[in-house]
Structure formats: C-alpha cells, structure tokens
Amino acid sequence: MRTFVLLTILFFTSLGYTQNTGSIAGKLIDKEYNNEPLAFGNVLIKGTTTGTTSDIDGLYSFDNLSPGTYILVFSFVGYETQEITVEVVANKVTEVNVPMGASAASLDEVIITTTTRKESEAALLLDQKKAVEIKQSIGAQELSRKGVGDAGEAVSKISGISKQRGSSNVYVRGLGDRYQNTTMNNLSLPSTDVNKKNIDLDLFSTDVIENISVSKAYTPSFYGDFAAGNVNINSKEYTGKGFFNLSLGSGVNSNAIGEDFVRSEGTSYFGFYNRYDNNPFAIVLSHGVDPEASESQINFNGAVEGGYSFDFDEDTRLSFFATASFSNGSEYREGVARDFTNVLKVDYPNVSEYEYSTTTTALLNTTFKIDNYNKINFNSLFINSSGDEVGYYGTQGQGFNRDGIASVDPNDIGFYTMNVQFNQDRVHVNQILGNHKSVDETFELNWGFGYNKVFSNEPDRKRISLENYQFALDTDPNTNPVFYTNIPFDNQRFFQSIEDDEYNAFLNLEYNVSENVKLNFGYNGRTKERGFNSIRYGYDIVDRNATPILDVNNLNTIFNVNNINIPDGSGLYDVIVLNPINNDIGNTNRPGLPENTYKGKLNIHAGYINAELSVGDKWLFVPGIRLESFQQDITYDVINIRQDDPGFRSVYENLILPSLNIKYALTEDSNLRFAFSKTASLPEFKEVAPFVYEDVTVRYGGNPDLLGGVDGNGPTYSEIYNFDLKYEWFMSSGEIVSLGAFAKQINDPVNRVVAADATGTQRYFRTGESADVFGLELELRKNLTINENEDPVLAFGFNGSYTFTEQDLKDISGTFGTAFNRSTEELEGASKWVFNTDLSYSPTIKNFKPTATLVASYFSDRIYSLGSGSLGNIVEKSVPTLDFVFKSPITENLDLSISARNLLDPDVSLVREGTGSGDITISEYNMGVNLGMSLKYKF
C-alpha cells in the first residue's frame, strides 16, 4: 500500500509538469523505529526558503522545479541532518528515499531522539490512526505536561476511564478490575494485591514509561480474558550516544503538615521490613504493639536516569538505559467509619489515620540492534511499594459496637480500635523480546518471554480494641478504659504472605502475502502459581477489670513478654493461636501453624490467526479467531468454611473466540471503525479462595462456587459479546475529534455482595443470567492557538463517556448464599458519567518554553458493592478533582516543576443506601491538597 501511495504521488506530480520543469519525490524512513515511515520530517532546498514536511506515510514532494542541480537538506529533531545532491530533469520525477538515523552531534538532540517518535502526542495519534484495532494511547510527553506521576493516573486521562481517588482501582468503560488485563511490552503482569486481579498501576512511575495504550476492542493476540480493555505499558528504551539526568523534589500534604506522625515499629524510611526470616511468634514475644514517632512530614522524591549506546557499524548498535527512583508521601485523614451489613454493627464517628507510603522503582533496558532487520531487547524491572498505616478509630469516645458493653443500647459509647499495619509489595519483572524482519519485509517475527516474581506481605498487623474509651479523655484517674474481650482475637497480631511465580510468552509471525493481504499467526500463554498463608495470634486477657489501661498511647507496658501468663496465673494475658503445631503442646503461649492457606495454579495456552485485508484505498478488514484453553486449580484450608466442603476446585475449558475489526477511511484524515468479538472473564484466585480478610469495618472473602458451583455443573467463566463503533477525525498533528459507541452482553456476571451469614462478609457471586452495557465516548484535542512553528501555545483536551448498565438478579444458594429484593440492578463499579479535561498554555519566552496545565476529572456515583436482602447498595459517591502543573526550564540544563494536586479536596465517601432509616455514610474523609516542587538537571 505504501508503494502504491508513493507511485500515486509520483504519477499525479507528473501531471502538473510543463515542458520546462521536473519534480522530486520520495519517502523518509526511520532507522530508529524498525524502518517505519518518518512523519513530520523537514525537507528544505538549500539556499532557498522552499521546504516541506513528510506526511504520515513519510512521503514528500517538490513540484515545478526548473531543471538543474539542487541540494536537499533532510532533518528531524534529534536525527542526523543529511544533505543530498539531486539532479532535476525536465518532464521527469526524481525519486529520493532517505533513511534517517540518530544524531551523535548534540547531547540535547540525542535526548530528544529517545522521545520524539514514540512518546509525543502527535506520534501516538498517528499510531492510533494507523492501528487496526480501536485503541488510545498517552505518551511520556503528555504525561510530563499534565504532571502525571504514575501509570494509574495516566490511564485515567483516557476517555471512558476513571480512577478511584485514594485507591489504585481503575475503571474502564464502567467495568472494574476483574474485567481488565494489564501487560508490559505485551507480556502479562502479576497482581500484587490479594484483593485485585491486576497489578497496581500506581507502582509504575513515569520515569520507566514510554507510552501507555488502552485497547478497548479485542483482537486475537490479546488473552481471551478481555471485557473492558487491555492496558499495555511500553517501557522506555534508548538509542542515543549518552546522557545522564538527576532530579530531586519535595512537597507537603495540607492535612499532614504539622501533625505528629506515627508509623509501624520495625519498618524503614525506604519502605522495607527486615523480619521476614523470623517466626511470627518470636516477633510477637519480642516486639510491642505501639506505633513509633515518625520523621518530618515533608515528602521527598528523587530519580536518576542515564543511557549510552555503542555503535559497532552503521547498522549495529548496543544501547543501555537505566533509571532508578524513590518517592514517599505522608497523608493524614480524619473522617468516619461504620460497618452496616445487616444492621449497624460498628460505628466510629471520629477516625484519625496516618499513612506513610513509598515507591522504589528501578529499570534496566538493554537493546541490541543487530542490523536494520533484527533486534533483541531485555528489560528488568524492580518495584518496591509500601504502605504504612496507623489508624485510631473512635478517638472522641463516641464509638459504638453492637456486641460491646453487654448491650445494644446506642447510648453505650466508648468503643475504640487501634489498627497498625504495614504492607509491602516487591515485584520483579524480567523480559526478553525479539523483532526480526526479512530483507524484503515479507516476514516479520515478534516474540517475547517473561518471568515475574511477586512477594506481597502484610507482616505484624496490630489491632487492639477497647471499651469505655471516653474515660481516657477525662481527668479522673479512677476511671480507665478496658480491653474488649468478646473473643481472644479482638486484640491480635496478624501476618499474611503471598508469593506468585509466573512464566509468560508470546510469538507472532506476520506474513505479507501481497500489498493488500497480511496474515498474523501467533501464540501466547502464561503459567501462574500463587501460594498464600496467614496466621493470627490473639491476646486473651486474663481479667480485663484487673488490667486497667492507664495510658492508651503506651500499651507496650501491658503487651510485653514479662506479662505473659504462666501456670500459676500471675500474668496478664495468654497468646492464643488457632492452629497448633500439634495438640500435645496446645495452642496457648506456643507457636502455631497458618490458620488459612491456599495454592492456586492457572494455565493458559492459545493459538490464533488473523488477516489484514485491504480493499481499495478505503477498507481494511481484520477477521480473526483464537483457540484458547485454560485450566484453573485451587486448593485451600481455611476457617469459616462448611465441614463438607472438599477444599479444592479444578476446571478445564476450551474457548473459541472470534473477532472482526473493520476500518473505513472516510477521508485521508478520518476513519470509521467497527468491531465485534466474543471474549471471556475468568475468576481470579482472590475471588475463588474462601479465605476472609478482615479490615476494621469490612470483611472480604472469595467463593469457590464461581468455578462450576457446588456440584461442578455451573458456569466456570463469564461469556462476553462486545460491539464497538467509532468515528475519528485527525484534524492535524496532535489534534483529534472522535465519537464512539459500544455495547456488551456479559453472561453469568460476577459481583461483590454481602453473603447471607452472621459475619456480613462481602463475597463474589454470579448474581444473574446476564448483564447489558451500553455507552458513548467523546474525545477532543484541539490547539486553540499556535506559534510560527505551528507548535501549540494554548491547547485544550476533553474526553467523556456515558455508560448505561443493567443486570438481572437471582437468589443464590451453595457454599455461600445471598438473596435480593429486586430483579434488576446496575453493574458494580459502573459510573454513568466520566469526564477528563485539561487546558495547557505554552508560550515561548526567549529561548525557553514553559508550560502551565490545569487538569480536571469527574466520575458520577457508582456501586461499590451490591446490597442484598432488603439493604441497598454501597455506593461510592462522585468525586471531582483539579490539578495544576507548571513546568519550565531555568537554564539550558535545569528544569523546574511545580504542582498542586487535588485542589478541590472533595469528600471521598461510601454510602449504604436503603438501611430502613435513610442512607448512612459508612466511610468519609478528605485527602488534602498535595503541593510539590522538583528540579531536574541534565548533565
């Protein structure tokens, strides 16, 4: 097709000749980007003001030139400028095709080389225009302009996508975590959270991101577990001669500054915990429960990055790129927290939470360009993420516990809980990738192999519960709080560990049968194993009335090894474990075994084929089919499960997944797209394993019935039918208008619902026969004013979506059960309205070009968890956000960034509807405004 376009240009150019003129035409080729066409390159006739730029296919031309000798100057920012002498002959077209490569002349130019083609907004819009499937991308250039700090925040700037403020949860087209996939360089990524399917995108700092694409329409190269979309992170690589950058920054949170911060004892400033090799029982004996004073609440971030390339000959290059970064943050939140399941069980009107978080990221990328047709790439990524949270629930003595104080009288106040927990996730991602082309470009082979290792730990969570806390606030030394002692585990230490191993691979062979026919044959697969265990040690208070709490901020005076009960009964407490090592030594004041364990294994293997069929200059048809097998096994040994439960589930399924993508080029700059596919949604380990995680006011648990029901004859996955229609108009470089419509039918959908039991645990159920999803999406990017170089000065961006969802509901019985008092409901996690907008101003001041950007977003109310019985849903209330980012060079090598995030500081709240006495807020807090400044120096 490209050859046809070039010949067409040559032909029509020749029509304009007179007997005394000739023409020059040709194509610019990008040697740094797999010999793809180089768009927007500059071509100038030396010694004149006559010039042009290459179009999106890399083509350029000069018409009506007098016969003679001309010198053409070919340039592109960061690429080697070339001068070529051309002889123009009357009545002829002289063809000059020019391969462009990286420049070694200037350090600044080399640095730009690494970003221009694959990180700029214009280049990504060009990629979107040429793509065979419906997708949207955001690159490092736009991320920098909007002050985006991580991948989670990045994808929320794409139409139809929202991110839960204060959480890592991302929603695509109103569908939550279980309906998405996340990949890096097209290889699957692991989850770091027992309650999530996908990896936390917040962990990926923009230092390691070249661009992020979200594919909302399915093609067979994606895993069949696809409904809302596939998020793919392309990591940075480097092709220049050498650079080194250093950046340092600081900031504050408006809520946290001035607070006396506390953190878990035993954790480090950099977010590491060094007691994993110690037995939990030894930790309980040797370390207390009180948090410890923390350092200053001034946030810090720093990063170094550098790269270098070795050229062996004109076409062979070995390149290295490495980056390492660290950031931390302190937040203080005040609000309310309640547990309203069947009734109001716990009420904390006054909550204070201190959270200290860290993220450490390191990436090494090595690229070996063997020649213009063969390249091998190796990526090694390490991420350490930690969250250290200290929460005081019921700080004003107004807390209430239905089971406390021997009464259900709401006037009985004083229930209080201290919760101190540290979570650490360590992710290791290793990938090797290859790209190989035949010399005539008939064949192209892409392959990749990856190994992921995850350690996700919650070590030594301390949870202490008191009654009569109001006595700690008075001045009477004769009245004091006492321990809440309904069961020994009301005062506890908790240890949880997850370890994941995953191997994954893909292989795609592209065969260009002819100019109009291309075939893709491929395979991808993954093998994932997870091991999980948790153990609790409870403090069984011997006599709470004889153990008054004189200082609620110094509980270590009670919970230390000297006060453990001994046979003569003189101690204050016993340490209880549920699962003893053996019955002979018992479960009191002895180490124990994990009380909950599960092992999960997932095998997915698939082959696929699709064809790209060009019909004329307008139509592109991409039919495809995928044959995928999946096997999922899980074995578990947990408490709170039916005695007759077998303790395992195992399923094996073969899926046939067809797809069709159609693109019609309405004009040279506009497309009309249609897509249809059949996909699936598979249960995750955390949805299936019946282990229950107990938060302070909520309990989460899995349901093994998702894998075939109690008898094994039920559905094991959700079958999904997807329809998409989209119009897109690429107005100019960096500008687009698009309008899309989509529809989905999800058979046997899964939702989170409160189970019908006394504990009020939220579990996962197949809540009905089907769910319908319909939606509209709009995107606009427009340069309102431009300068003499046609660069944007004032630019505006907007995207928004409307989504309608409806599912039928049915009563459920089995290992766990639930029931509904209504026949239909919206789908969990779906917001009707999602908006993102930004306004950027980039004037040119002398030799510098500062940029100021306002970024706003909004999502409307959405269901967090379905209500069961006569109760209404738990609803996450709408949240508007507004951020401001200013970036400017100070000198040629020094850049300044200033940011103000969450300027509106809205309430973040969950509301339980339909309680019988109106809606009740079960969680509400403000996150505060984050102010920050950083400096980046380019050596």
* Asked: Do Y308 and F320 make the cut of ring centroids closer than 6.0 angstrom?
  -> no

* Compute whether any side-chain donor of one residue and acceptor of the other, for T183 and N230, lie under 3.5 angstrom apart. => yes

* Derivation and outcome, salt bridge (Lys or Arg N to Asp or Glu O under 4.0 Å), residues K462 and D460 -> CA-CA 6 Å; K462 301 105 171 173; D460 199 13; 3.4 Å; yes

* Please determine, by modelled atom types, if S247 and S934 share a side-chain donor-acceptor pair under 3.5 angstrom. => no

* Where the side chain of D225 meets the backbone of N181, is there a donor-acceptor pair that is under 3.5 Å apart? -> no

* Side-chain (D895) to main-chain (L935) donor-acceptor, under 3.5 angstrom -> no

* Are the aromatic rings of F532 and F691 close, with centres under 6.0 Å apart? -> yes

* Asked: Does the cation-pi check pass for R333 over Y354, that is, NZ or CZ under 6.0 Å from the six-membered ring centre and within 45° of its axis?
  -> no

* Sequence neighbours excluded, which residues qualify as ring pair (Phe, Tyr, Trp, His ring centres under 6.0 Å) partners of F886? -> none

* To the nearest 0.5 Å, tell me how far S865 OG sits from R752 CZ. => 5.5 Å

Show the atom names and distances, to 0.1 Å, of all donor-acceptor pairs under 3.5 Å that link a side chain in residues 257-264 to residues at least two apart or in another chain.
from	atom 1	to	atom 2	distance (Å)
R263	NH1	S294	OG	3.4
R263	NH1	E295	OE1	2.8
S264	OG	D388	OD1	2.7

* To do: Say whether N457 and S497, considering side chains only, have a donor N or O and an acceptor N or O under 3.5 Å apart.
  => yes

* To do: For the residue pair T635 and K599, confirm or rule out a side-chain donor-acceptor distance under 3.5 Å.
  => no

* Asked: Would you say the side chains of N377 and T367 form a donor-acceptor pair under 3.5 Å?
  -> yes

* Is the side chain of S309 donor-acceptor paired with the backbone N or O of S319 at a distance under 3.5 Å, no angle test? -> no

* Separation of N278 CG from H287 NE2 (nearest 0.5 Å) -> 7.0 Å

* Are the aromatic ring centres of F939 and F243 under 6.0 angstrom apart? -> no

* To do: State whether the side chain of D905 and the backbone N or O of V929 hold a donor-acceptor pair below 3.5 Å, judged by distance alone.
  => no

* Side-chain H-bond candidate by donor/acceptor type, E353 with Y393, under 3.5 Å -> yes

* Have Y273 and E458 got a donor and an acceptor in their side chains that come within less than 3.5 Å? -> no

* Would you please test E499 and K453 for salt bridge (Lys or Arg N to Asp or Glu O under 4.0 Å) and show each step? => CA-CA 8 Å; E499 185 173 340; K453 181 75 173 182; 2.5 Å; yes

* Asked: Is the backbone of S456 close enough, under 3.5 Å, to the side chain of D425 for a donor and an acceptor to pair up by distance?
  -> no

* Asked: Y451 and D501: side-chain donor and acceptor closer than 3.5 Å?
  -> yes

* Asked: Salt bridge check: are E684 and R530 linked by an N-O gap of less than 4.0 Å?
  -> no

* To do: May I have the step-by-step check of salt bridge (Lys or Arg N to Asp or Glu O under 4.0 Å) for K936 and E305, ending in yes or no?
  => CA-CA 11 Å; K936 181 176 183 178; E305 60 178 350; 3.2 Å; yes

